[in-house]
Amino acid sequence: MSDVTLRADLGHWRGWLLDQAPGSRWQARLGRWYRAWLGFRRNGLAMTGFGVVLLLVGIAIFAPLIADREAATLQVLTQRLEPASWQHWFGTDELGRDIYARVVFGSRITLTIVALVSAIVVPVGLGIGLPAGYFGGMVDAVLMRITDIFLAFPRLVLALAFAAALGPGIENAVIAIALTTWPPYARLARAETLTRRRAEFIEAAELQGASHLRILLTQIVPLCLPSVIIRLTLDMAGIILTAAGLGFLGLGAQPPAPEWGAMVSSGRQVLLDQWWVATIPGMAIFITSVGFNLLGDGLRDVSDSRAG
Amino acid sequence: MITLENVSVAYGTGARRVLAASDVSLHVTPGEAFGLVGESGSGKSTVLRAVAGLIAHAEGRIVLAGQEMGRRRSTATRKMVQMVFQDPYGSLHPNQTVDQILSMPVAIHRLGDADRRVATALREVGLGREHRFRYPHQLSGGQRQRVAIARALILQPRILLLDEPTSALDVSVQAEILNLLTRLRRDHGLTMLMVSHDLAVIAHLCERIGVMSRGELLELTTADALASGTVTHPYTKQLLRSNQGFDPSSVDIDATPAA
Amino acid sequence: MSDAPLLTVRNLRVVYPSDEGDFRAVRNVSFTLGRERLGIVGESGSGKSTTGRAIMGLVPEPGRVEADLLRLGDTDLRTLNERGFRKLRGKRIAMVLQDPKYSLDPVMTVGRQIAETHRHHFRSSAKQARAAALEMLEAVHIRDPERVYTQYPHQVSGGMGQRIMIAMMLIAGPDLLIADEPTSALDVTVQHQVLAIMDEQVRKRGMGLILISHNLHLVSSFCDRVLVMYAGQIVESCKAAHLSEAQHPYTRGLLAALPELGHRRLVLPQLQRDPAWLEDVAPLTDATP
């Protein structure tokens with residue numbers, strides 16, 4: 001296909017997406033996403049964050065292609081604490097393992113934790129917050145007091161206590177982090193629901209005979225979801241840091257798993273002489289956190305400009 | 001079709017109890033259009049919402065099409081009474097297309113054949129196929145109000161409640177919506193209960209009119225009586241004067257604004 | 001001196017650039033205002049509010065304001081920057097908007113807000129400012145100025161809020177008051193009180209008033225002269241009392257579409273918009289009188 005016809009074709013799709021009178025449900029929905037993307041694309045920092053997150057996901061998916069799985073756990077005691085070289089791009093750690101391979105495969109652990117935490121936190125937060133805001137009264141009081149109890153504990157300490165009680169390991173780290181992360185989501189969902197509870201379109205749905213469940217799921221959830229997702233993206237940095245913190249303290253992923261926090265921890269004894277052992281995974285944690293933060297900020301800007 | 005007997009609605013308790021509507025009684029015959037007129041805080045919208053079933057704690061009897069309304073309404077009674085709201089921006093879900101908005105009532109009442117019903121409803125309110133998959137923010141105020149009317153009509157209700165349906169619209173669009181309502185009422189034999197602060201609008205659509213102030217129904221009158229000025233209550237007379245445009249000589253500049 | 005126009009607007013244009021090309025919100029609007037009450041009517045999107053905002057220097061970015069002439073007395077408004085406008089606002093032109101709740105600071109008592117305005121413009125002492133504010137509250141027929149002075153905006157009703165806004169806007173003694181839908185959120189009876197107060201003050205002080213409204217009846221019964229705007233242009237300009245004999249089909253269509261009490265019609269004539277109304281009217285040149 002020549003460049004000209006390709007461009008004409010792209011123009012055609014663009015026109016189809018931006019059509020003011022879409023011909024189907026799907027065209028309408030895709031057009032809406034495309035417009036949001038156009039707004040998002042203008043925000044340079046957000047695009048940087050999006051790029052970082054995309055890169056992270058790419059690295060995690062294609063890890064076996066860009067690094068040697070064996071090298072991540074292979075101990076070569078004769079090559080301990082070597083600086084960067086052509087053979088070991090980021091050097092080796094105290095057990096002679098290739099840090100590059102460990103960082104690459106570590107992204108899988110980090111993303112797994114992030115995905116699992118999200119999969120727990122969003123449904124729990126919405127499940128508690130939506131009924132509290134929608135029904136009010138006793139339901140609200142009970143649900144919100146439960147939330148307050150969880151909110152009253154310092155996050156890392158509670159996560160530590162859970163991880164210590166359940167035993168160290170990734171699954172338990174995820175449960176510990178999720179348990180301490182959901183309360184703000186419940187509050188957010190409640191606040192969003194409260195502002196919409198008296199909206200006329202909710203009353204209209206009530207008049208049409210819609211059940212509470214239907215109203216919650218079809219009318220209110222779609223409106224709460226954007227702010228929940230934005231909050232989640234902004235929280236990602238904190239979740240990653242908590243996970244790393246648990247790893248650092250030996251309560252997260254267990255050796256020899258290449259978890260970034262645990263890697264920083266193991267490098268701390270040799271920080272002054274072999275700085276790269278702790279610094280490289282530290283950089284990975286830092287870049288990922290900043291990436292998620294920028295992405296979250298960008299998403300917030302896009303949704304704000306649409307609301308305004 | 002609509003009978004209200006001593007309907008009262010109060011908010012708050014004890015010393016802070018406020019009567020939003022007190023002892024309102026009226027009767028609307030099938031096919032009739034009845035108007036409630038008054039200023040803000042007069043209780044006209046409260047009465048309408050009580051009829052709609054949006055105020056569960058309303059006291060007194062509400063009888064719709066011969067059925068006494070209880071605290072909870074069945075899905076079947078919901079289908080019989082539908083409402084069009086004042087604000088065409090707030091009464092449509094911002095994230096749903098017109099198609100989704102109109103399909104929901106069909107799904108709730110399991111009417112089936114959603115595709116044809118939605119198309120018919122749109123045609124009836126004068127919207128084309130090109131509007132079907134648009135989001136509310138892609139529609140003008142008048143088009144949104146048409147969608148809201150289509151949503152109410154798709155359930156084929158017998159009673160249509162109108163809460164200031166044109167007060168957020170431009171004059172030219174108001175005329176279009178009023179004409180649409182007149183036609184729909186004739187075609188479907190709808191019984192209408194309309195609330196407005198605008199005497200001319202209410203007298204255009206309704207034959208009989210109730211004047212409300214501070215929660216009370218002051219006077220039952222007719223559009224003809226309003227037109228000829230043969231109303232009895234001083235408050236109605238005052239409203240009628242205000243409606244005739246600004247006249248400095250008739251304004252009591254020092255009167256305390258009503259709370 | 002009193003014969004010289006207070007405000008001269010010639011070929012005012014307001015343009016908002018956008019992805020789909022420039023949107024011309026106001027197109028070649030020209031009028032002069034003396035010490036009179038001028039009404040600007042039109043439907044939403046007609047450019048009536050934007051015209052008012054352009055005179056106040058309140059067109060938000062990225063909107064552009066251009067004009068061949070835009071003079072307030074002897075000040076050329078086109079050359080003013082934001083600082084220049086800030087000095088002018090309140091002191092020489094003031095604006096009353098639809099909802100006083102958004103125009104008043106919710107955490108400051110209304111009295112203090114009026115007094116602050118006085119201090120800002122006259123560098124007066126706290127005592128003088130307070131006295132002036134109380135006097136102003138009395139001038140807008142607030143019966144108990146001392147009590148209202150200490151109230152917060154959320155404690156006052158809509159009509160009272162609008163009186164307070166008028167007091168605040170007039171305390172620095174502007175020559176021109178622009179009222180953009182000042183009474184649309186109020187009940188009819190309160191509406192008329194607020195208008196009567198505004199009218200009284202404008203007459204007493206010999207000010208010019210621009211009343212921007214969508215309400216044809218209100219404007220024609222309140223103002224001396226009316227401009228009818230459509231799609232950013234003035235399509236009709238006439239004496240308010242003669243609005244019923246308007247010439248332009250748009251104005252006539254609007255008037256016909258209004259339901260009337262004494263004249264009940266089964267079907268209201270709907271406005272048929274003519275694309276010809278959108279065509280540019282010729283800009284005013286030096287040759288046109």
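In this text, all values refer to a predicted model and were calculated from it rather than measured experimentally. Sequence lines set the chain letters: A, B, ... in the order given, protein chains first and strands last, and positions in each chain run from 1.
Partner of C/Ile212 under the side-chain contact (heavy atoms from CB on, under 4.5 Å) criterion, chosen from C/Arg53, C/Lys48, C/Gln98: C/Lys48.
At a 4.5 Å heavy-atom cutoff, the contact between B/Ser172 and chain C is made by backbone and side-chain atoms alike. In this structure, chain C has a heavy atom under 4.5 Å from the side chain of B/Leu239, while its backbone stays farther away. Of the two parts of B/Glu176, the backbone and the side chain both hold a non-hydrogen atom closer than 4.5 Å to a non-hydrogen atom of chain C. For B/Ile202, no part lies near chain C; criterion is any non-hydrogen pair under 4.5 Å. The part of C/Glu200 that comes within reach of chain B is its side chain, from C-beta onward, which places non-hydrogen atoms under 4.5 angstrom from that chain.
A donor-acceptor contact closer than 3.5 angstrom is absent between the side chains of C/Gln151 and C/Thr109.
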Apply side-chain hydrogen bond (donor to acceptor under 3.5 Å, both in side chains) to residues B/Glu39 and B/His197 and explain how you reach the verdict. CA-CA 6 Å; B/Glu39 301 191 290; B/His197 69 280; over 6 Å; no
Pair C/Arg163-C/Gln193, side-chain hydrogen bond (donor to acceptor under 3.5 Å, both in side chains): steps then yes or no: CA-CA 9 Å; C/Arg163 289 174 192 225; C/Gln193 283 177 350; 3.0 Å; yes
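A donor-acceptor pair under 3.5 Å links the side-chain atoms of B/Arg185 to the main chain of B/Gly31, judged by distance alone.
The cationic atom of B/Arg17 (NZ for Lys, CZ for Arg) does not lie both less than 6.0 Å from the six-membered ring centre of B/Tyr11 and within 45° of the ring axis.
Put simply, of C/Leu266, C/Asp187, C/Leu271, the one with the most heavy-atom pairs under 4.5 Å next to chain B is C/Asp187. Among C/Gln270, C/Arg265, C/His217, the residue with the largest count of heavy-atom pairs under 4.5 Å with chain B is C/Gln270. Here C/His192 is the residue among C/His214, C/His192, C/Glu260 with the most heavy-atom pairs under 4.5 Å with chain B.
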